[in-house]
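Input: a single structure, listed below in structure tokens.
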Amino acid sequence: QVHLVESGGGLVQAGDSLRLSCVASGIIFGAYGMGWFRQAPGKEREFVAAIKWSGSSTSYANSVKGRFTISRDNAKNTVYLQMDNLKPEDTAVYYCAADMDAYSPPSRNSRNYDYWGQGTQVTVSS
């Protein structure tokens, strides 16, 4: 059974940093592309960042480019999202997701992802 478990969310002030982690089990982690998405209250889920299975290619939403960094440690079955200079508009539930299409570029489309975590809340106060 596949499990993706996010952690690291919390309540911070604008300008602060957080690092989210997502630990995967039940899949051959190194064979999956991984992504982070977020959903704010009353809004649709949106793409944040994605990384290829090898870590050699990444993709970011324009709204987080230059502030967020996605990385992965295949030996630990873990993908990270380092979030710096957080803004109130970053407030959302953050989800990690796994894409079994290992050979395509990192996907921005949530429909391409096969497994999802339960999410972790990030709240940024002004």
Keeping Glu6 on the side-chain end and Gln118 on the backbone end, is there a donor-acceptor pair under 3.5 Å?
yes

When hydrophobic residues are tied together by side-chain contacts of less than 4.5 Å, even through go-betweens, does Phe68 share a cluster with Leu18?
yes

Does Thr78 use its side chain to pair, donor to acceptor, with the backbone of Lys76 at less than 3.5 Å?
yes

When you measure from the side chain of Thr58 to the backbone of Ile51, do you find a donor-acceptor pair of N or O atoms at a distance under 3.5 Å?
no

Heavy-atom nearest pair, Ile70 first then Met34, reads CD1-O, 4.0 Å

Nearest atoms (heavy-atom pairs only) where Ala14 meets Ser126
CB-CA, 4.4 Å

Test your reading of the model: is there a side-chain donor-acceptor pair from Gln13 to the backbone of Ser125, 3.5 Å cut-off?
no

Going from OG1 on Thr123 to CG on Asp90, what distance comes out if it is rounded to the nearest 0.5 angstrom?
11.0 Å

Does the side chain of Phe37 reach to within under 4.5 Å of the side chain of Tyr113, using non-hydrogen atoms?
yes

Taking the side chain as everything from C-beta on, heavy atoms only, tell me whether Ser63 gets closer than 4.5 Å to Arg38.
yes

Let me see the working for Val124 and Glu89 under side chain to side chain contact (heavy atoms under 4.5 Å, CB included), right down to the final yes or no.
CA-CA 8 Å; Val124 185; Glu89 51 263 44; over 6 Å; no

Below 4.5 Å, heavy atoms only, C-beta onward: do Gln82 and Ser71 meet side chain to side chain?
no

Cation-pi check, Arg19 onto Tyr80 ring (under 6.0 Å, within 45° of axis):
yes

In this structure, OH of Tyr94 is separated from SG of Cys22 (nearest 0.5 Å) by 15.0 Å

Can you tell if the side chain of Met83 reaches within under 4.5 Å of the side chain of Arg67, non-hydrogen atoms only?
no

Do Val48 and Tyr115 share a hydrophobic cluster (ILVMFWY, side-chain heavy atoms under 4.5 Å, transitive)?
yes

Output the distance between atom CE (Met100) and atom CG (Asn112), rounded to the nearest 0.5 Å.
12.0 Å

Here the pair of heavy atoms bringing Leu4 nearest to Ala98 is CD1-N, 3.9 Å

Using side chain to side chain contact (heavy atoms under 4.5 Å, CB included), reason through Asp99 and Asp114 one step at a time and then give a plain yes or no.
CA-CA 5 Å; Asp99 176 6; Asp114 304 284; 3.9 Å; yes

If you compare all heavy atoms of Val79 against all heavy atoms of Phe29, which two are closest, and at what distance to 0.1 Å?
N-CZ, 3.9 Å

Taking Val23 as the starting point, is it possible to reach Val2 by hopping between hydrophobic residues whose side chains are less than 4.5 Å apart?
no

Find out whether Leu20 and Val122 are in side-chain contact, i.e. whether some heavy atom of one side chain is under 4.5 Å from a heavy atom of the other.
yes

Determine the minimum heavy-atom distance between Tyr60 and Lys65, stating which atoms define it.
O-CE, 3.9 Å

Asn74 side chain vs Trp53 backbone, donor-acceptor pair below 3.5 Å:
yes

For residues Ser104 and Lys52, report the shortest heavy-atom separation together with the two atoms involved.
O-CE, 3.9 Å

Just by distance, do the side chain of Ser57 and the backbone of Pro105 share a donor-acceptor pair under 3.5 Å?
no

Relative to the ring of Trp116, is the ring of Tyr95 parallel (under 30°), tilted (30 to 60°) or perpendicular (over 60°)?
perpendicular

